[in-house]
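Let me begin by presenting the structure, written as C-alpha cells, before commenting on it.
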Amino acid sequence: MQPFALNYARPAVEFEATTPYVYDSGRQLNVLFDGRVAACDHALLREVGTTTSTAGSKTHFDD
C-alpha cells in the first residue's frame with residue numbers, strides 16, 4: 001500500500017540564479033565583486049529586496 005501523500009509529492013523546483021554579491025567572512029557582511037558593501041547599493045536592494053547572508057542563520061541581515 002502506498003501512502004496517500006506520495007501521490008501528490010513532487011520534487012522542489014530549483015531555480016538557477018546568481019547573486020551579484022559574496023559573503024566576506026573577514027568583514028562579516030556581503031560585498032559586491034568590486035569590494036563595496038552590498039547593503040549600501042540601493043539599486044541592488046531594490047532589485048533583490050535584501051542581502052541575506054548565507055553564512056549562519058538566514059534571519060540575520062547585513063545592515
Side-chain angles (χ1 to χ4, degrees):
M1 184 166 133
Q2 182 176 4
F4 177 78
L6 291 180
N7 292 329
Y8 300 97
R10 295 187 178 103
V13 177
E14 291 191 28
F15 296 104
E16 190 170 318
T18 59
T19 54
Y21 54 87
V22 294
Y23 182 72
D24 182 343
S25 60
R27 296 167 69 181
Q28 295 187 354
L29 45 79
N30 290 322
V31 295
L32 300 172
F33 295 117
D34 63 3
R36 293 180 297 135
V37 175
C40 293
D41 188 331
H42 296 274
L44 172 67
L45 292 177
R46 279 191 297 273
E47 189 74 25
V48 298
T50 64
T51 61
T52 306
S53 174
T54 57
S57 173
K58 295 274 186 180
T59 60
H60 295 147
F61 295 92
D62 295 342
D63 293 352

Practice problem: For Tyr21 and Leu32, work out which heavy atoms get closest and say how close. | Solution: CB-CD2, 4.2 Å
Quiz item: Could you give the distance from OH (Tyr23) to CG (Asn30), rounded to the nearest 0.5 Å?
Solution: 8.0 Å
Which atom pairs, donor and acceptor, lie under 3.5 Å between side-chain atoms of residues 37-46 and protein residues at least two apart or in another chain?
unit_1, atom_1, unit_2, atom_2, d
Asp41, OD1, Ala43, N, 3.2
Asp41, OD1, Leu44, N, 3.2

